[in-house]
Amino acid sequence: MLVPVTVVADGIPQPLMDKPGDARRGRVIAANSDRGNCLICHALPIAEAPVFGDLGPDLRGVGSRLSAAQIRLRLVDPKRQNPDTIMPAYYRTEGLYRVARAYAGQPMLAAQDIEDIVAYLKTVTGE
Amino acid sequence: MKRPLAVSVVGLLLAAAGIAAAQQDLAAYVSGDRRSGFTFLAPETRALQTDEFRNPGMLWVEEGERLWSVAPPGGQSCAGCHKDAAVSMKGVAASYPAYDEEQKHVINLEQQINQCRGRQKQPALAWESRELLALTAYVGRQSLGMPVAVKIDGPAAQSFARGKEEYEMRRGQLDLSCAACHESQVGAKLRAEVISQGQMNGFPIYRQLWQTMGSSHRMIAWCNEAVRAETYPAGSQEYVDLELYAKWRGRGLPVETPAVRR
């Protein structure tokens, strides 16, 4: 079961978990190709990663551009912001077609992972 | 440092000629707004494909050539019915998948070969088996350079319409359609992988990532797995329909079998 979320304006102000996000863990999940795999589409200030994809915008500085609530919505379900986006929803299980059996019924990331990545992206302020 | 003007002008002209030649080479791999996967490759990989002595896929073509004239016990060889492949198979791969009168639906080249295996009183060859890839590559090679031209009207129309629908349907945990990558993100980078138009004019392809040949259906399954979607089995009507639509998207592109891809 997913934690219910409430969208307010263009964000989700309420964290999904009581435990505050752990930015160090969030950085690891974002870079891991079996977990967030964010680098397949985005650049982030992660020096040990050799290459970044460019399907999505460069995320360097995103912590100054967006609030935690805005980042949370873009991770949970970016289609609520832009129905045509190619960015996957990381915390959604409904309305998907032919999900591989190994992943069926599960969100891409757990609620705590989302909070950890939000905490990490809030630290990504400068270059 | 000052260089003599004449020398640098000659250098510039030569460089321009080199670029023009390279662009002319690529022009053969473009038709209207359609661009072969070839045009997205690094020059070394392109050179590997076009040099038939170095193209690793040619091993399968050679094996296919051998199998073409092997008569199975109690049956006829391919050559027994079709004679010289250079004549009888010319243009065939450029027109597949195609509607089949016997089966009453659209089939692809591998399925046509297996239909002939039945006429040879032989069991069907397995998908991705060395023999099926070899025969498909050999038959495909006979259309080298010919423009892709599949029929999408008449009895193929339904298959085509289903293929288009599948192509545009978001799928998998990542919720992406074929079109989301191969139409909207052409040229963008998925990490180190440059997304091409996903054209089907080179199959079966030698894919360096696989270190072997693979069929068009293996490629579609690979893309399905990338978005964490449930795959269909190779040879399923869903994949044949998708293949027909994808092949039509590349109408006019030259057959490149066996293409070399990353």
Side-chain angles (χ1 to χ4, degrees), chain A residues 2 29-44 46-59 74-110 113-114, chain B residues 40-42 45 162-198 208-209 217-234 236-242 245 262:
Chain A
L2 301 187
I29 298 168
N32 184 320
S33 50
D34 296 323
R35 309 287 303 282
N37 201 15
C38 311
L39 308 185
I40 200 167
C41 293
H42 294 287
L44 275 165
I46 297 184
E48 64 275 23
V51 270
F52 304 112
D54 61 6
L55 271 68
D58 191 327
L59 292 181
R74 280 151 187 80
L75 288 175
V76 165
D77 188 358
K79 260 157 224 147
R80 298 205 201 185
Q81 180 70 20
N82 170 11
D84 298 325
T85 188
I86 55 163
M87 174 156 159
Y90 279 86
Y91 198 68
R92 190 180 104 196
T93 54
E94 297 297 306
L96 302 175
Y97 171 66
R98 286 188 75 79
V99 175
R101 232 159 287 164
Y103 301 101
Q106 302 165 38
M108 302 254 297
L109 291 174
D113 299 339
I114 301 283
Chain B
F40 293 83
L41 297 174
T45 321
R162 286 193 306 261
K164 179 172 168 29
E165 199 179 324
E166 278 283 314
Y167 200 84
E168 288 163 359
M169 187 90 90
R170 286 175 176 271
R171 66 189 61 235
Q173 199 183 32
L174 273 69
D175 203 24
L176 291 170
S177 64
C178 311
C181 282
H182 293 298
E183 281 176 9
S184 316
Q185 295 296 327
V186 174
K189 287 209 294 288
L190 259 184
R191 240 23 231 264
E193 207 68 71
V194 180
I195 299 180
S196 74
Q197 294 181 344
Q208 292 169 324
L209 179 72
H217 290 196
R218 178 172 180 182
M219 188 72 230
I220 299 175
W222 184 89
C223 288
N224 274 178
E225 281 163 16
V227 299
R228 297 185 175 175
E230 192 69 18
T231 57
Y232 290 97
S236 61
Q237 196 59 42
E238 285 83 358
Y239 278 3
V240 175
D241 296 344
L242 256 181
Y245 179 70
R262 261 176 65 106

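Remember, predicted model here, so these are calculated numbers, not experimental data. Chain letters run A, B, ... following the sequence lines, proteins first, then strands; residues in each count from 1.
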Please classify the contact between A:A49 and chain B as side chain, backbone, both or neither, with a heavy-atom cut-off of under 4.5 Å.
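The answer is both parts of A:A49.
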
Under a 4.5 Å heavy-atom cut-off, does chain B meet the side chain of A:F52, its backbone, both or neither?
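Interface part for A:F52: backbone (N, CA, C, O).
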
[atom1] of [X] to [atom2] of [Y]: how many Å apart, nearest 0.5 Å?
X: B:L174; Y: A:M87; atom1: CG; atom2: CE; value: 10.0 Å
X: A:C41; Y: B:K189; atom1: SG; atom2: NZ; value: 12.5 Å
X: A:M108; Y: B:R228; atom1: CE; atom2: CZ; value: 5.5 Å

So which residue, B:R171, B:Q173, B:M169, ends up with the most heavy-atom pairs under 4.5 Å with chain A?
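The residue among B:R171, B:Q173, B:M169 with the greatest pair count is B:Q173.
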
So which heavy atom on [X] is nearest to which on [Y], and how close?
X: B:A188; Y: A:L55; value: CB-CD1, 3.6 Å
X: B:R191; Y: A:P50; value: NH2-CD, 4.0 Å
X: A:V99; Y: B:G172; value: CG2-C, 3.9 Å
X: B:A180; Y: A:I86; value: CB-CG2, 4.1 Å

Chain A contact via [X] - side chain, backbone, both or neither, heavy atoms under 4.5 Å:
X: B:L176; result: side chain
X: B:S177; result: neither
X: B:Q185; result: side chain

Look only at the side chain of B:R170 and the backbone of A:L96, and say whether a donor-acceptor pair between them is shorter than 3.5 Å.
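No, the answer is negative, given that no donor and acceptor are paired below the 3.5 Å cut-off.
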
Can you tell me if B:E230 uses its side chain to pair, donor with acceptor, with the backbone of A:R101 under 3.5 Å?
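Yes; judged by distance alone, with no hydrogens or angles, the pair exists.
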
Can you check whether A:K79 reaches B:D175 side chain to side chain, under 4.5 Å on heavy atoms?
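Answer yes - side chains close enough.
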
Surrounding CD of B:E165 (heavy atoms of other residues, nucleotides or ligands, distance under 6.0 Å), is the total greater than 12?
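Count not over threshold, so no.
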
Does A:Y103 OH have over 12 foreign heavy atoms under 6.0 Å away?
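Not buried by this count: 12 neighbours or fewer within 6.0 Å.
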
